[in-house]
Amino acid sequence: MPYEHQGDLATEDEALYRIRHSLAHVLAQAVLSVREGSTLGFGPPIRDGFYYDFALSEPITDEDFPEIERRMRKILKSGQRFYREELARDEALSRLDEMREPYKREYAMELCEKNGLDSLTFYRNGPFVDMCEGPHVDTTKDIPRDAFKLRSVAGAYWRGDSDNQMLTRIYAWAFSTKDELDQHVKAFEEAQKRDHKKLGKELGIFTIDNDIGRGLPLWLPNGTVIRDELEKLAKELEFKAGYQRVATPQIAKQDLFFQTGHLPYYADDMYPPMELTEQTQDGEVTREAYMLRPMNCPHHHKIFAAQPRSYRDLPIRLAEYGHVYRFEESGAVSGLLRVRGMCMNDAHIYCSEDQIKSEFRAIMQLYDEAYRILGLESYFLRLSKSDPEDPKRKEKYVDNPEAWLRSEDILTELMDEMGVDYVEGIGEAAFYGPKIDVQFPTVTGRDESVSTIQLDFAIPERLKLFYIGSDGQEHIPYCIHRAPLSTHERMVAYLIEHFAGAFPTWLAPVQVQVLTVSEQFHEYGQQIVDRLRSRFVRAELAPESDTVSKKIRQGTVAKIPNLLIVGAREEEDNTVTLRRYGVREQVTMPLGKFEDSILQTINCRSLDFLAG
RNA sequence: GCUCACAUAGCUCAGUCGGUAGAGCGCUUCCUUGGUAAGGAAGAGGUCAUCGGUUCAAAUCCGAUUGUGAGCACCA
């Protein structure tokens, strides 16, 4: 059972919402009693509980949790009643002054000024008062004493802005019953076990070496097999969809990135330039700067520009598994999910405006096909737009309001025409245009953009790309950027967690392991391995010196999908005994039949073994 | 980048009050030739992340650095 991701707070049970919200007040009361003089930030209910932010007088660690929980239970037991109070603006502000709650006061001011409120509500339970909209339970006796648990302490910026002071956030789980809490904690612990960082190490998929550098994973043999299989899949799908493959270098002159506009917008996210000094014939020294590319598009644009293009050539679809480098901030780097060097299932489609929708539809079909094969279902689509209200919009987005409106309209229309569900992400656009992001949940409960389809109205113009239209005039093409299989890094991270490391046969690093009952059947085992390998099945023989039990254990721990056990019986009849990962029953079948089945399983990229 | 925590053998971890290092797995060798999730024995393997400080004495206390984790911010 995967760790469940729950929906919006709006869809949550109202009673549970009250419990979580009220518990946040109880937590605050308890924290203020162990850390006198601390002040309050926000303390809302969240997906699986609640949190509260504090500016603490003295630091808190999770060693303080038992004492805080004890005090919380005491408060629950004492049956404090929640009283609602509505104060006029000035009264409310002076109350917050008296309470010495500067953060609350700041927010109160904003509520009054920006939202035009002339009164604010407060809730009091016992000695604790908090400015808050409610709703709450009637008394703290309505809150179960054994259905919450403090989870972790972390830093969080006041109002989510890194220019502000960092507060201390305490996270807690909270449910209606102890059973639900226990279940949730257990699911959470189970989810930790499938973390790609843990399984990636155990299964020999990747490693990160400090001498190579942070965020620069090394792909081990097992991981490289998975990459190669994904790449093969992508290349087949793209071939069928009319893409052409190209290959381009991973660096380019700095000036190119000024031309594309990456540099003003994107400098902080790029590795700094490599300055070259060269000796010319007449002894002069010239300087050139090269940069590692953060995206493949400029290179592909230059391929588009390499020859004259006619409207008859469009759409042109250039595909490459391209390596890019992005200087992610140290705190963002994590396992394979956020890296500084990555290899992307990239392609750029150059088309006219009236081809945008049909190209997007074809891309969505390609996504569907890829996800169907991989068995991925738990994703949602996000239509990522610019944020015209953002004060920093000029630094974040290409300044062309008309083009933004137009391209965002095209995508919105398209999504509505296709009748797919999506959420809107205001301020999530690329600097050069809106996009549709495919969001997947990680085991730790966060959503990550795995794949993306982007509509770029800006860079082709900057690079003066054009095609000759039917009118004989030059026209600027639109460019669609898309990466259905994401980067290898992020896709493999996600797949490890999705399959809990037990990959379907077609993706598995070792597809078949042959276990002999004793060394005297070594020759038969080796024959099987040789025969399978000659058909490109990734088969291997288990180490000889172990017992059968041990070999089965090792093969199972390695999550190998197909174990073949062979001894006297099998050798005699030219059969194999198949033990599938996660399946108790074994089947003995003729070697030839196994061979046919496994080849079919692999060729269809089946998620299961096709027995015949 | 920010807040907090953590860093001991290839891996997972123990190490009390400061007195110079332990287990299991894995690895190597030997014995065992075994039919369904760990057969037995022996051995090798550590500059306790790095640098500095306190101390007669530091894995242990203090500081800095590097790295990792959770969260925040960021995320083309």
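In this text, all values refer to a predicted model and were calculated from it rather than measured experimentally. Chain letters run A, B, ... following the sequence lines, proteins first and then strands; every chain starts at 1.
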Could you list the donor-acceptor pairs under 3.5 angstrom formed between side-chain atoms of residues 335-344 of chain A and any protein atom two or more places apart in sequence or on another chain?
{"unit_1": "A/R338", "atom_1": "NE", "unit_2": "A/E328", "atom_2": "OE1", "d": "3.3"}
{"unit_1": "A/R338", "atom_1": "NH2", "unit_2": "A/E328", "atom_2": "OE1", "d": "2.7"}
{"unit_1": "A/R340", "atom_1": "NE", "unit_2": "A/E328", "atom_2": "O", "d": "2.9"}
{"unit_1": "A/R340", "atom_1": "NH2", "unit_2": "A/E328", "atom_2": "O", "d": "2.7"}

* When every nucleotide of nucleotides 24-37 of chain B is labelled 5' to 3' by its protein contacts under 4.0 Å (heavy atoms), B for base, S for sugar-phosphate only, - for none, what sequence of letters results? -> --S------BBBBB

* Structure fact -> Its contact letters, B for base, S for sugar-phosphate only and - for none at protein heavy atoms under 4.0 Å, make nucleotides 7-17 of chain B read ----SS-----

Please report, rounded to the nearest Å, how far the [atom2] atom of [N] is from the [atom1] atom of [X].
{"X": "A/Q454", "N": "B/rC75", "atom1": "CD", "atom2": "P", "result": "13 Å"}
{"X": "A/D64", "N": "B/rA5", "atom1": "CG", "atom2": "P", "result": "11 Å"}
{"X": "A/R214", "N": "B/rU66", "atom1": "CZ", "atom2": "C1'", "result": "9 Å"}
{"X": "A/D62", "N": "B/rC6", "atom1": "CG", "atom2": "P", "result": "9 Å"}
{"X": "A/W173", "N": "B/rG71", "atom1": "CH2", "atom2": "P", "result": "11 Å"}
{"X": "A/Y171", "N": "B/rC72", "atom1": "OH", "atom2": "C1'", "result": "7 Å"}
{"X": "A/E329", "N": "B/rC2", "atom1": "CD", "atom2": "C1'", "result": "10 Å"}

* Please round to the nearest 0.5 Å and tell me the distance separating atom CD of A/E523 and atom OG1 of A/T516. =>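 Between atom CD of A/E523 and atom OG1 of A/T516 there are 12.0 Å.
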
* Can you measure from CG (A/N296) to NE2 (A/H323) and round to the nearest 0.5 angstrom? => 9.5 Å

According to ring-ring contact (aromatic ring centres under 6.0 Å, His included), who are the partners of [X], at least two apart in sequence or on a separate chain?
{"X": "A/F594", "answer": "A/F609"}
{"X": "A/Y103", "answer": "A/W158"}
{"X": "A/Y243", "answer": "none"}
{"X": "A/Y367", "answer": "A/Y371"}

Spacing of the [atom1] atoms in [M] and [N] (rounded, Å):
{"N": "B/rC4", "M": "B/rU65", "atom1": "P", "value": "13 Å"}
{"N": "B/rA59", "M": "B/rC25", "atom1": "C1'", "value": "23 Å"}
{"N": "B/rC2", "M": "B/rA73", "atom1": "C1'", "value": "8 Å"}
{"N": "B/rG18", "M": "B/rA57", "atom1": "C1'", "value": "8 Å"}
{"N": "B/rA42", "M": "B/rG24", "atom1": "P", "value": "11 Å"}
{"N": "B/rC6", "M": "B/rG46", "atom1": "P", "value": "27 Å"}
{"N": "B/rA44", "M": "B/rG10", "atom1": "P", "value": "16 Å"}
{"N": "B/rC51", "M": "B/rU8", "atom1": "P", "value": "16 Å"}

* Asked: Step by step, would you call A/Q454 with A/D437 a side-chain hydrogen bond (donor to acceptor under 3.5 Å, both in side chains)?
  -> CA-CA 8 Å; A/Q454 307 169 349; A/D437 291 314; 5.2 Å; no

* Could you tell me whether A/E190 and A/R194 make a salt bridge, using a distance below 4.0 angstrom between a side-chain N and a carboxylate O? => no

* Where the side chain of A/T61 is concerned, which of B/rC72, B/rC74, B/rA5 is the nearest nucleotide? -> B/rA5

* From the list B/rG67, B/rA70, B/rG1, which nucleotide is the closest neighbour of the side chain of A/N210? ->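 Given the options B/rG67, B/rA70, B/rG1, the side chain of A/N210 is closest to B/rG67.
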
* Can you check whether A/H348 and A/F304 have ring centres sitting under 6.0 Å from each other? ->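 No, the ring centres sit 6.0 Å or more apart.
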
* For this output row, return yes or no: ring centroids of A/Y494 and A/H196 closer than 6.0 angstrom. => no

* For A/R326, answer base if it contacts any base atom (sugar-phosphate contacts may also be present), sugar-phosphate if it contacts only those atoms, and nothing otherwise; contact means non-hydrogen atoms under 4.0 Å. =>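 Counting heavy atoms under 4.0 Å across all strands, the contact made by A/R326 includes a base.
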
* Asked: Is there side-chain contact between A/H301 and A/I459, with heavy atoms separated by less than 4.5 Å?
  ->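 Of all side-chain heavy-atom pairs linking A/I459 with A/H301, at least one is under 4.5 Å.
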
* Spell out yes or no: do the side chain of A/Y157 and the base of B/rG71 have one donor N/O and one acceptor N/O closer than 3.5 Å? =>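 No.
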
What pairs of donor and acceptor atoms, side-chain ones from residues 203-222 of chain A against any protein atom, are under 3.5 angstrom apart with sequence neighbours left out?
{"unit_1": "A/D209", "atom_1": "OD1", "unit_2": "A/D211", "atom_2": "N", "d": "2.6"}
{"unit_1": "A/W219", "atom_1": "NE1", "unit_2": "A/E489", "atom_2": "OE2", "d": "3.4"}
{"unit_1": "A/N222", "atom_1": "ND2", "unit_2": "A/L203", "atom_2": "O", "d": "2.8"}

* Run the side-chain hydrogen bond (donor to acceptor under 3.5 Å, both in side chains) check on A/T487 and A/N345 step by step: do they pass? -> CA-CA 6 Å; A/T487 59; A/N345 170 224; over 6 Å; no

* Using side chain to side chain contact (heavy atoms under 4.5 Å, CB included) as the criterion, list what pairs up with A/S152, not counting sequence neighbours. =>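 Only A/Y171 meet the side chain to side chain contact (heavy atoms under 4.5 Å, CB included) criterion with A/S152.
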
Detail all sub-3.5 Å separations between protein N/O atoms and N/O atoms belonging to nucleotides 41-52 of chain B.
none

* **Verdict with reasoning, A/Y350 to A/H300, per ring pair (Phe, Tyr, Trp, His ring centres under 6.0 Å)** => CA-CA 10 Å; A/Y350 301 87; A/H300 289 186; 8.1 Å; no

* To do: Give the ring-plane orientation class for A/Y379 versus A/F440, where under 30° counts as parallel, over 60° as perpendicular and anything between as tilted.
  => tilted

* To do: Starting at the 5' end of RNA chain B, write a dot or bracket for each base, bracketing those in Watson-Crick or G-U wobble pairs whose two distances are under 3.5 Å and using | for partners on another strand.
  => (((((((..((((.....[..)))).(((((.......))))).....(((((..]....))))))))))))....

* To do: Could you check which residues of residues 159-169 of chain A get a heavy atom under 4.0 Å from RNA chain B? Sort them by number, please.
  =>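 The answer is A/G160, A/S162, A/M166, A/R169.
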
